[in-house]
Amino acid sequence: MEEKKLDINSVIGFVLIFGILMYMLWQNQPTPEELKAQEKAKQEEVVKEQKDTEEAQTKETTAEDYSAVAATDSVQVAGLKNKLGAFAYSSTLPSASDKETVVESDLLKLTFSNKGGFLSEIKLKKFVDYDSIPIYLVKDNNSGFNINFGTTDSRILNTKDLYFEPTVTKNGDNTIVSMKLKVSETKFLEYRYEIKKDDYMLGFSIKSQGLNDVINSSQDINLDWKIKTYRHAKSISYENRYTDLIYEYEGGKDNNLGQRSDSDKEVDDVTYIAFKQHFFTSILLADTPFKTASLKSKNLVKDEEVDTVFTKYFEAKLPLEMTGGEINKNMNWYFGPTDYKVLNAYDRNLDEVVPLGWGIFGWINRYVFIPLFGFLSSFLPYGFAIVFMTIMVRIVMSPVTYKSYVSQAKMKVLKPEIAEINEKYKDNAMKKQQETMALYSKAGASPMAGCLPALVQLPVFYALFQFFPSAFDLRQKSFLWAEDLSSYDVIAKLPFHVPLYGDHVSLFPILASVAIFFYMQMTTGQQMASQPTQEGMPDMSKMMKYMMYFSPLMMLFFFNNYASGLSLYYFVSNLITIGIMLVIKNYIIDEDKIHAKIQENKKKPKKQNKFQKKMKEMMEEAEKQKKAKK
């Protein structure tokens with residue numbers, strides 16, 4: 001058998017082949033730059049996989065995710081399904097467009113938008129603004145209404161970006177507008193509006209059907225309502241002063257955010273929220289309280305000298321709760337005038353939206369001035385109704401004016417005797433005080449008697465100060481040269497702006513200031529004549545003189561931008577008061593008779609009450625201790 005031998009040629013061949021293979025591997029190995037690029041590509045792939053995983057877990061949709069064109073093929077439907085989940089169905093319907101539904105009543109013209117399902121325009125048909133432009137509470141995207149919620153397939157959706165399907169039906173004289181955000185024909189989220197023929201109040205409810213396995217009840221469901229309030233009045237500053245966010249909470253309490261530039265507050269158990277403008281209001285009312293409410297207000301008027309479109313920005317964030325896996329919240333909307341009679345008629349504490357004053361001031365307005373003015377204005381022009389109401393108020397208050405004047409007359413008669421006591425006991429303050437009080441007691445006079453009538457009139461004064469700016473009936477009612485009693489009157493326009501005064505001249509504040517000046521001249525002169533001069537006391541006469549000039553000047557500046565109806569009231573009121581005081585002075589009060597009566601009273605034994613006796617004993621005891629120390 002032949003022995004096999006190793007063929008040298010074969011060995012050389014294998015070596016050459018191995019060498020060639022090694023050379024090829026060496027030539028094709030990646031460069032350092034290529035290695036870095038490969039590593040970066042791997043990292044990007046990992047990041048992409050993580051991002052895809054996160055998006056699969058929670059997808060928050062934005063406005064770009066919603067097409068205004070209904071899906072027509074399976075590819076579009078699949079794309080919408082990937083973005084919207086179960087709510088993709090709503091975008092496949094013919095209603096998935098920016099179309100609007102318009103419904104009108106005798107008082108309102110309401111425009112409902114398919115996108116978002118809310119009101120895109122609210123027009124009050126009975127009213128126009130200071131420039132004869134129709135009143136719109138909502139227009140050109142100045143308002144927003146949205147529900148933010150999570151789904152069981154880990155998405156976050158916003159109703160403001162989704163398409164609702166509208167249907168309009170009749171329920172007797174009422175019109176029902178149903179806006180449905182559909183998951184299927186039998187599963188949906190519904191906004192239901194009920195518009196009455198002659199009513200500013202709308203029925204409103206938010207309900208879901210068959211969405212217990214679609215909406216994630218473990219996540220917060222938040223209702224967000226916001227608005228930028230349009231300017232409707234001639235005076236920006238005056239309107240903005242009475243534009244505020246008001247809310248009711250804890251079973252009937254009410255409060256407001258106030259007039260600060262920016263304000264926010266967290267409140268519990270809220271039953272209604274009012275975005276109140278001066279004379280028009282948007283209110284959301286709930287049958288059952290919202291557990292909490294996050295409220296915000298922002299002043300949008302940075303410079304009152306510059307013309308503006310919006311006055312304030314209001315926002316309310318409210319939680320919605322699910323019951324049995326579904327949403328079922330019954331509410332109401334009010335879109336209408338800030339009119340006390342209209343709001344009070346609903347018997348839902350909405351009259352608190354009208355700023356009539358707190359405590360006794362509000363009571364006087366509700367039960368005295370509002371009924372009285374309503375009666376007078378039912379058969380008199382509004383300007384004359386103000387004049388007649390002023391006359392009636394001054395007649396009712398005339399006894400108070402009379403008592404005040406009599407008290408001042410008594411003090412005037414006693415002034416020489418007070419001066420004698422001051423001189424006689426100038427080195428004994430205690431004795432001087434005792435003798436002065438004894439004189440007042442015998443004469444039946446008191447330095448405080450002249451102040452008490454003024455305090456009695458103060459609630460009436462303040463109540464009327466609140467009444468006139470809030471009287472909706474005065475809006476756009478003319479009288480003499482005033483075109484609108486709810487706004488300032490203008491007799492001249494200034495070519496420049498005066499700080500605190502404005503760019504116009506109003507006549508009623510000038511007349512009121514002149515009347516106040518003469519009234520204060522009369523009362524100040526009487527008070528100065530009646531006030532005894534005491535050592536160590538400030539010179540009251542100088543202070544009274546300053547007030548006599550300062551008060552009318554303050555009135556002139558302060559009321560130049562206020563309602564002319566308020567200035568008319570103060571002008572007439574001070575004229576009548578001056579007349580009453582002249583009659584009292586010249587025909588009723590005789591200072592000689594008062595002096596004779598005081599002298600008679602001084603002769604009579606004066607019975608002291610317990611308090612006076614106690615005070616006398618304390619003063620005598622103090623006098624004894626003082627002498628004992630000496």
Side-chain angles (χ1 to χ4, degrees), residues 63 66-70 87 89-126 134-149 157-183 185 188-209 223-230 273 275 280-286 316 318 320 327 329-336:
Y66 309 95
S67 172
V69 180
F87 286 94
Y89 179 79
S90 63
S91 292
T92 67
L93 302 174
S95 56
S97 68
D98 292 333
K99 290 182 179 179
E100 296 176 327
T101 302
V102 179
V103 174
E104 294 192 48
S105 67
D106 293 341
L107 304 175
L108 300 167
K109 181 181 178 182
L110 305 172
T111 303
F112 300 85
S113 175
N114 286 12
K115 189 173 185 179
F118 190 60
L119 288 153
S120 58
E121 193 170 282
I122 302 172
K123 177 183 176 182
L124 304 183
K125 297 170 66 174
K126 300 288 186 180
I135 295 290
Y136 287 91
L137 298 182
V138 174
K139 189 180 182 182
D140 297 334
N141 298 316
N142 75 309
S143 178
F145 185 86
N146 176 56
I147 297 177
N148 175 273
F149 62 95
L157 300 179
N158 294 284
T159 58
K160 65 184 177 67
D161 297 321
L162 297 166
Y163 290 98
F164 288 67
E165 184 179 66
T167 56
V168 180
T169 57
K170 281 287 186 179
N171 181 17
D173 291 333
N174 298 347
T175 302
I176 308 297
V177 177
S178 172
M179 305 294 291
K180 292 181 179 178
L181 174 61
K182 291 187 172 182
V183 169
E185 284 303 308
F188 49 81
L189 176 69
E190 180 187 27
Y191 296 167
R192 186 180 186 274
Y193 305 84
E194 184 169 2
I195 301 99
K196 297 179 182 178
K197 184 178 180 182
D198 191 19
D199 200 342
Y200 291 107
M201 187 76 76
L202 280 62
F204 178 62
S205 63
I206 301 175
K207 296 182 179 180
S208 66
Q209 178 175 302
L223 186 157
D224 184 10
W225 175 39
K226 55 189 176 183
I227 194 170
K228 290 193 292 184
T229 57
Y230 279 113
I273 298 166
F275 293 166
F280 301 98
T281 301
S282 303
I283 308 175
L284 177 63
L285 306 95
L318 308 162
L320 291 177
I327 299 173
K329 188 73 173 179
N330 292 317
M331 294 172 280
N332 290 93
W333 287 108
Y334 175 87
F335 301 111

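Just so it is clear, the model here is predicted, and its values are computed rather than measured. For this chain, numbers begin at 1 and follow the sequence in order.
Between the NZ atom of K182 and the OG atom of S90 there is a distance of 10.5 Å, given to the nearest 0.5 Å. Annotation: the span from I122 atom CD1 to N142 atom CG amounts to 8.5 Å, rounded to 0.5 Å. One finds the CD1 atom of I147 at 10.5 Å from the CG atom of L318 (value rounded to the nearest 0.5 Å). Annotation: the span from K126 atom NZ to L108 atom CG amounts to 10.5 Å, rounded to 0.5 Å. Here F87 contributes atom CZ and Y163 contributes atom OH; the two are 15.5 Å apart, rounded to the nearest 0.5 Å. Of the inter-residue distances, the one linking L119 atom CG with Y193 atom OH reads 5.0 Å to the nearest 0.5 angstrom.
Aromatic ring centres of F118 and W333 lie closer together than 6.0 Å. Taking the six-membered ring for Trp and the full ring otherwise, F145 and Y191 have centroids separated by under 6.0 Å.
Checked options V168, T167, T111; the residue passing with T101 is V168 (criterion: side-chain contact (heavy atoms from CB on, under 4.5 Å)). For the side chain to side chain donor-acceptor pair (under 3.5 Å) test with E104, the passing option among K123, K109, K125 is K125; the others fail.
Closest of all the heavy-atom pairs between V183 and Y89 is O-CB, 3.2 Å. Closest approach of E121 to K139, counting heavy atoms only: OE1-CG, 3.8 Å. Pairing each heavy atom of I227 with each of L137, the nearest pair is CD1-O, 3.6 Å. Shown here for I273 and W225, the closest heavy-atom pair between the two residues is O-CZ3, 3.8 Å. Of all non-hydrogen atoms in S113 and M179, the two that sit nearest each other are O-CE, 3.4 Å. Closest non-hydrogen pair, F164 versus L189, comes out as CE2-O, 4.1 Å.
Within the 3.5 Å criterion, the main-chain N or O of K160 finds a donor-acceptor partner in the side chain of N146. Although no hydrogens or angles enter the test, the distance criterion places no donor-acceptor pair under 3.5 Å between the side chain of N158 and the main chain of N148. No donor-acceptor distance shorter than 3.5 angstrom exists from the side chain of S91 to the backbone of A96, with no hydrogens or angles considered.
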If you look only at distance, which donor and acceptor atoms sit under 3.5 Å apart when one is on a side chain in residues 196-207 and the other is two or more places apart or in another chain?
from	atom 1	to	atom 2	distance (Å)
D199	OD1	M201	N	3.0
D199	OD1	Y346	OH	2.4

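Judged as a side chain to side chain contact (heavy atoms under 4.5 Å, CB included), and not counting sequence neighbours, the contacts of S95 are L93, N114, E165, P166.
Residues S143 and K226 have side chains that never bring a donor and an acceptor to within less than 3.5 angstrom of each other.
Contact check for L284 versus F275: no side-chain heavy atoms found under the 4.5 Å cut-off. V138 has its side chain out of reach of Y230: every pair of non-hydrogen atoms, C-beta onward, lies at least 4.5 Å apart. The side-chain heavy atoms of I195 and V177, taken from C-beta on, include a pair separated by under 4.5 Å.
Taking a 6.0 Å sphere around CG of D106, one finds it holds more than 12 heavy atoms contributed by other residues, nucleotides or ligands.
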